[in-house]
Enquirer: 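I'd like to ask you about the structure that follows.
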Amino acid sequence: FASNDPRYQGVLAAAIVVDLNKPDYSSTAKSATFNIKTINTDSINLEVIRTSETKLTKGSVTQVVGKAKSDNTLSAQDINEALHFVISGSGTSLKVEVYSASDTSKLILIAKDIQNLIGSKKDDTFIFKKGAKLTGTIDGGLGKNKLDYLAYGGVVNADLSDTVDLSGFFKSTVPVS
């Protein structure tokens with residue numbers, strides 16, 4: 001929309017501003033799977049899958065927001081790079097930051113209101129910050145993956161029973177206390 005009339009300049013643009021770098025699905029009625037398809041030097045391609053639609057968001061996506069109190073998944077199952085998933089907060093303030101394991105200063109994506117995580121094809125680390133609580137599941141994906149509770153502080157309640165598949169996780173002889 002272009003207009004030389006000063007009464008309309010900027011009005012329409014302000015009404016339709018959308019930050020494509022931060023897709024927000026918090027007001028939708030459906031859960032979503034946010035699948036990181038590729039990681040480039042300065043951007044990622046993100047596939048968003050909901051019940052009846054699939055979208056591929058290309059470019060500098062830096063953050064995604066799922067629907068609160070839903071069943072959203074962040075997946076890196078197509079990525080052939082080791083990642084660090086840093087989990088902080090809980091409930092509707094839960095945040096997952098995804099970093100490159102080879103350069104932990106390289107923030108790849110921030111995901112909010114995510115309940116489930118799926119790791120990459122390589123050796124990932126899932127790091128729980130103090131008080132972090134993920135209500136869903138973690139599927140380590142391929143590789144030898146680690147659950148890191150060093151920064152958690154306090155008692156750890158993790159379901160590692162026989163009904164949980166631990167095949168994608170590194171087995172350690174160090175007890176969790």
Side-chain angles (χ1 to χ4, degrees), residues 19-40 42-129 131-149 151-152 158-159 164-170:
D19 189 347
L20 296 177
N21 296 338
K22 300 178 182 178
D24 187 339
Y25 290 84
S26 60
S27 62
T28 65
K30 300 175 186 172
S31 299
T33 296
F34 301 100
N35 189 15
I36 302 170
K37 297 299 283 180
T38 57
I39 299 173
N40 306 313
D42 59 353
S43 65
I44 68 169
N45 291 332
L46 184 75
E47 178 184 53
V48 180
I49 304 168
R50 296 189 314 161
T51 306
S52 60
E53 79 179 310
T54 298
K55 289 184 182 177
L56 184 61
T57 303
K58 294 184 178 185
S60 299
V61 177
T62 57
Q63 175 177 297
V64 294
V65 180
K67 180 171 176 54
K69 299 180 182 175
S70 195
D71 192 31
N72 301 300
T73 300
L74 176 63
S75 173
Q77 65 189 5
D78 295 325
I79 301 302
N80 200 23
E81 175 182 346
L83 301 172
H84 286 181
F85 294 81
V86 180
I87 304 148
S88 61
S90 64
T92 57
S93 65
L94 180 89
K95 178 171 74 171
V96 178
E97 296 172 321
V98 182
Y99 293 89
S100 168
S102 62
D103 179 2
T104 56
S105 66
K106 180 183 175 186
L107 177 63
I108 295 169
L109 181 70
I110 296 172
K112 296 181 177 179
D113 289 329
I114 297 294
Q115 292 73 37
N116 307 293
L117 299 173
I118 301 173
S120 74
K121 295 178 180 180
K122 296 292 184 176
D123 303 345
D124 301 315
T125 302
F126 297 86
I127 302 165
F128 285 81
K129 293 292 196 175
K133 184 176 180 184
L134 185 71
T135 58
T137 62
I138 296 177
D139 176 342
L142 301 176
K144 293 182 179 178
N145 304 292
K146 298 177 187 172
L147 296 173
D148 181 341
Y149 290 97
Y152 186 78
D159 180 1
V164 177
D165 181 9
L166 297 175
S167 59
F169 284 92
F170 177 73

Enquirer: Report yes or no: does T104 contribute a side-chain atom to a donor-acceptor pair with the main-chain N or O of A101 at less than 3.5 Å?
Expert: no
Enquirer: Can you name the closest pair of heavy atoms from L83 and A76 and give their distance?
Expert: CD1-CB, 3.6 Å
Enquirer: Do you know the tightest heavy-atom contact between V96 and I87?
Expert: CG2-CG1, 4.3 Å
Enquirer: Can you see which heavy atom on S120 is nearest to which on A82, and at what distance?
Expert: OG-CA, 4.1 Å
Enquirer: Is any NZ, NE, NH1 or NH2 atom of the basic residue among K144 and D123 found under 4.0 Å from an Asp or Glu carboxylate oxygen of the other?
Expert: no
Enquirer: Quick check: closest heavy atoms across S102 and E81, and the distance to 0.1 Å?
Expert: OG-OE2, 4.4 Å
Enquirer: Between D78 and N35, does any side-chain donor sit less than 3.5 Å from a side-chain acceptor?
Expert: yes
Enquirer: Looking at every heavy atom in both S90 and G131, which two are closest together, and how far apart are they?
Expert: CB-O, 4.4 Å
Enquirer: Apply side-chain contact (heavy atoms from CB on, under 4.5 Å) to the pair N116 and T33, showing each step before the final yes or no.
Expert: CA-CA 9 Å; N116 307 293; T33 296; over 6 Å; no
Enquirer: Assess whether side-chain contact (heavy atoms from CB on, under 4.5 Å) is satisfied between T135 and L94, documenting all intermediate values.
Expert: CA-CA 10 Å; T135 58; L94 180 89; over 6 Å; no
Enquirer: Within this structure, what is the OG1-CD1 distance for the pair T38 and I79, rounded to the nearest 0.5 Å?
Expert: 6.5 Å
Enquirer: Which is it for V98 and L74 under the side-chain contact (heavy atoms from CB on, under 4.5 Å) test, yes or no, and what are the steps along the way?
Expert: CA-CA 10 Å; V98 182; L74 176 63; 3.7 Å; yes
Enquirer: Can you tell me how far NZ of K146 sits from NE2 of H84, rounded to the nearest 0.5 angstrom?
Expert: 7.5 Å
Enquirer: Roughly how far apart are Y99 OH and T125 OG1, rounded to 0.5 Å?
Expert: 14.0 Å
Enquirer: Using modelled atom types only, decide if a donor and an acceptor are shared between the side chain of E97 and the backbone of I110 within a distance under 3.5 Å.
Expert: no
Enquirer: Is atom NZ of K129 surrounded by more than 12 heavy atoms (other residues, nucleotides or ligands) closer than 6.0 Å?
Expert: no
Enquirer: For F126 and D139, which heavy atoms make the closest approach, and how far apart are they?
Expert: CZ-O, 4.3 Å
Enquirer: Keeping D124 on the side-chain end and N145 on the backbone end, is there a donor-acceptor pair under 3.5 Å?
Expert: no
Enquirer: Could you state the interatomic distance from CG (D71) to CD1 (I114), rounded to the nearest 0.5 Å?
Expert: 10.0 Å
